[in-house]
Trainee: 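Provided herewith is a single structure, encoded as structure tokens, for subsequent inquiry.
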Amino acid sequence: MPTLPMPIDHTAIRAEFPLFEVRAGGRSLVFLDSAASTQQPSRVIETVAEYQRHQHANIHRAVYQLSQGATRRYEEARATVARFINAAEPAECLFTSGTTGSINLVAAAWGRANLQPGDEIILSILEHHSNIVPWQLAAEASGAQIKVIPINDAGELDLDAYRRLLSPRTRMVAVNHVSNALGTINPVQEIIAEAHAAGALALIDGAQWVAHGRTDVQALDADFYAFSGHKLYAPTGIGVLYGKRALLESMPPYQGGGDMIERVSFAGTTYAGLPSRFEAGTPNISGAIGLGAAIDWLSALDLEQVGVYEQALLAYATDRIAPIPGVEIKGRAAHKSGVISFVVNDPPMASLDVGTQLDLRGISVRTGHHCCQPLMERLGVSSTARASLALYNSRDDVDRLADALAEILEQNRHRAAARAGRLQADQDDLAPRLQVPDATMSAAPGQDMNLGAGMHLNQVAGAEPAYPAAAADSPQAAADAIAEDFALLPDWPTRHDYLIELGERLPPMPLALKTDANLVRGCQSTVYLAARRKPGSKAVIECLADSDAAIVRGLIALLQRICSGQSAESVLAFDVDGFFSRIGLDANLSLSRRNGLEAMVQRLKALARDT
Ligand code: PLP
């Protein structure tokens, strides 16, 4: 086991983060989602609070001292940013809303002035949507084309392919410094040099790098470098676009408004110089000051040592997580930052369920596509669970993650075995009656969801799907019964277990119904919903649904109990949202799951309206 290097005093650092003072059941939160947003140390929180309490005024335009003080602090923050990334001057560092804002600025303003039909922009398959969609918009507007650098199976960029993509038509190469989904650290210095040799510019998305090692935009020779405050121990809503002065000066303004002008008249407007030219309107003053404080806080540590500490922690985490049976780590690049993305394959378990189960144990990881859908497609998965490390994480955190994961996957194996047993029993029971040979029932062609080993008889062609009948006299009566059950359960963990149990007993949905038309969009997991008018009835609707995520199957079970077998009129009249908040689910479901639920409800209601 590697011992972690000591110049980073992890315990002292962790003590600076108020979030970790909160203890549940005697244990503090294990926060492993810093790639999404880092927590903030007291110094940052207090600097912002103090500014808001006693120092706030709008900047740049007033003669009074309060405003001048705020202006000074805002501009000092810019100077701090410039030192942090070694920009030649503060004016090359524009404050934006974040990495997304920074990349949109370049794609729109530089793109408008420079891209023409036939030009090419090179991106990589590792990119966050923030470094894809703005370029797609710019390409659409200009007639330029996007080329994509592929990766190898370890998640590393294929640099030979990159060189082959470069051509005299290449105008811009935009890649991330570190992949948020896999942690791959890209050789950006080399990538930039090759872009320049081909006559192109290079933009680096540094969102996942700046908090984890030294950044020197001049040594990199980056033309543009973008990052966000909230991944750098600073508040949300503030970020930076670094650009070389000559390039920024040659670009037309991005947005128009106050602060970015020199003189406005209806005969024509002239624009301010850098950096104001690209900071239209009142900026996020407290955010910039908070970012300055976060950089000061981080810079007081040795960033080389920060890197060494996090690398040792990553190695430890990889050693602990990789051997857990059923886990497959996605992204095994030789140069990686503190990100472990994984899927559970054997038996399959939806990332959403892994994340929910970890959350019940006080461990926060991210699940989903991480805003990298093209990458997920390349990896052949729809989502991963991702644990990402920061300075306040320790081996204890990693141990709690690994132990919890091992326990969760053990339970998953038991559940899958029990489910397979139940399915087999059903098959044994029904096979003689349907006279279907065993062989027909064993394989599940195209079965991509974790419905357990084997397959239910309803999945056999010709078997009539069993749509559930009404569970009560009306949706309201069914909902009241569910609410009574929930009221007996004391807390979210037990309600969660109850939901999982309900999901386990969901009537099976035949594969034939798992069609594109029945796919419910807007859910983090894969969800199919088939609704129909009950045969022989004009106004009663029935539904069958399924998901690869156990928790979603539980929600489906609730929805089915309330709606299936009920009159269209009563389904339309029922307040599903109100019901889910009545039983306390809205407080415990993530927005994406609530959106998914909403999408299912909308489907049902649309059918009910058509009846
Ligand atoms: N680029 C990368 C690599 C990211 O990880 C993220 C956020 O996760 C972004 C861009 C977008 O950052 P923001 O949402 O702060 O604009």
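Atoms within a ligand are numbered from 1 in the order they appear, just like the ligands themselves. Counting begins at 1 with the first residue of the sequence.
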Trainee: I would like to know whether T96 and S102 meet side-chain contact (heavy atoms from CB on, under 4.5 Å); could you show each step before the answer?
Mentor: CA-CA 6 Å; T96 64; S102 301; 2.8 Å; yes
Trainee: Is there a nitrogen or oxygen of S130 sitting under 3.5 Å from a nitrogen or oxygen of ligand 1?
Mentor: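 No.
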Trainee: Mind checking whether F95 and Y74 have parallel, tilted or perpendicular rings, split at 30° and 60°?
Mentor: tilted
Trainee: Tell me, which protein residue and heavy-atom name are nearest atom 5 (O) of ligand 1, and how many Å apart are they?
Mentor: Q208 NE2, 2.6 Å
Trainee: Starting from atom 4 (C) of ligand 1, what is the nearest protein heavy atom, named by residue and atom, and what distance separates them?
Mentor: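 Answer for atom 4 (C) of ligand 1: H128 CD2, 3.3 Å.
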Trainee: Going by an N to O cut-off under 4.0 Å, is there a salt bridge joining R73 and E50?
Mentor: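 Salt bridge flag = no for E50 with R73.
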Trainee: Cut-off 3.5 Å, side chains only: do S28 and R14 have a donor facing an acceptor?
Mentor: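 There is such a pair between these side chains.
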Trainee: Could you pull out, from L232, I238, D205, the option with a heavy atom nearest to atom 1 (N) of ligand 1?
Mentor: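 Result: the heavy atom closest to atom 1 (N) of ligand 1 is in D205.
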Trainee: Test salt bridge (Lys or Arg N to Asp or Glu O under 4.0 Å) on D296 and R83; report intermediate values, then the result.
Mentor: CA-CA 10 Å; D296 282 343; R83 278 193 301 278; 5.1 Å; no
Trainee: Which of the numbered atoms in ligand 1 are under 4.0 angstrom from any heavy atom belonging to S228?
Mentor: 12 (O), 13 (P), 15 (O), 16 (O)
Trainee: Before you tell me yes or no, could you show the steps for D160 and R163 under salt bridge (Lys or Arg N to Asp or Glu O under 4.0 Å), namely the whole-Å CA-CA distance, both residues' side-chain angles and the distance that decides it to 0.1 Å?
Mentor: CA-CA 5 Å; D160 289 333; R163 284 178 202 114; 2.9 Å; yes
Trainee: At less than 4.0 angstrom from any non-hydrogen atom of T100, what atoms of ligand 1 do you find?
Mentor: 11 (C), 12 (O), 13 (P), 14 (O), 16 (O)
Trainee: Using non-hydrogen atoms of the residue, decide whether K231 is closer than 4.0 angstrom to ligand 1.
Mentor: yes
Trainee: Provide the number and element of each atom of ligand 1 under 4.0 Å from a heavy atom of H230.
Mentor: 13 (P), 15 (O)
